[in-house]
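Have a look at the structure below before the remarks.
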Amino acid sequence: MMRGMGNMGNMMKQMRQMQKKMEADQAALNSQTFTGTSPDDLVTATFTGDRKMTDLSIKPEAIDPDYPDMLTDLVLAAVNQALTAVDEQTKSTLGKYTQGMNIPGM
């Protein structure tokens, strides 16, 4: 009977170790920066791994008063590219912890 308790204790220890490793990986991911650019590099958006925008750079030639929708499209392209990079790195970094599990958003 005590033998089963040892296995349970060992499993809990492994779970705690995995949780610490996952938290460290998440912190490392959050400290990274991800940059997306629009076509012709007219707009650049920079995000952290936890999806917070830290910079948005717009070149003057991107601002055309006759075509305001163009600037919107350029900003969206840069932001979406950066967020896609965050998502891909998150899956690459943290996916090993959720492999085989059906967890929404991972």
| field | pair R51-D87: side-chain heavy atoms closer than 4.5 Å | value | yes
| T90 OG1 to Q26 CD distance, which is reported to the nearest 0.5 Å | 6.5 Å
| query | Do M22 and Q19 come within less than 4.5 Å of each other through their side chains, counting heavy atoms only? | reply | no
| said: Let me confirm one number: the CD1-CG distance from I63 to L42, rounded to the nearest 0.5 Å. | reply: 10.0 Å
| said: Ignoring hydrogens, what is the shortest heavy-atom contact between M70 and E61? Give both atom names and the distance. | reply: CE-O, 4.4 Å
| message | Using side-chain heavy atoms (C-beta onward) and a distance below 4.5 Å, is V43 in contact with I58? | response | yes
| request: Only counting residues at least two apart or in another chain, list the ones meeting salt bridge (Lys or Arg N to Asp or Glu O under 4.0 Å) with K13. | output: none
| Shortest non-hydrogen separation from T44 to T37 and the atoms involved | OG1-CG2, 3.7 Å
| query | Going through the distances and angles, do T46 and T35 end up as a side chain to side chain contact (heavy atoms under 4.5 Å, CB included)? | reply | CA-CA 4 Å; T46 304; T35 301; 3.5 Å; yes
| query | Can you check whether F34 reaches T84 side chain to side chain, under 4.5 Å on heavy atoms? | reply | no
| Nearest-0.5 Å distance that lies between atom CD in E88 and atom OG1 in T93 | 11.5 Å
| Looking only at heavy atoms, what is the nearest atom pair of A77 and P39, with distance? | CB-CD, 4.1 Å
| Is the shortest distance from a Lys or Arg side-chain nitrogen in D25 or K21 to a carboxylate oxygen in the other one below 4.0 Å? | yes
| Over all atoms of both residues, closest heavy-atom pair of A82 and G36 | CB-N, 3.4 Å
| said: Can you give me the closest heavy-atom contact between L29 and Q89, atom names plus distance? | reply: CD1-CG, 3.5 Å
| message | Please report the interatomic distance CE(M15) to CE(M8), rounded to the nearest 0.5 Å. | response | 10.5 Å
| field | Pairing of D40 and K59 as salt bridge, 4.0 angstrom limit | value | no
| query | Which one of D73, L71, T72 satisfies the side-chain contact (heavy atoms from CB on, under 4.5 Å) criterion with V75? | reply | L71
| query | In Å and rounded to the nearest 0.5 Å, what is the CG to CG distance from L74 to D41? | reply | 10.5 Å
| task | Find out if a path of hydrophobic residues (ILVMFWY) with successive side-chain heavy-atom gaps under 4.5 Å connects M53 to L76. | result | no
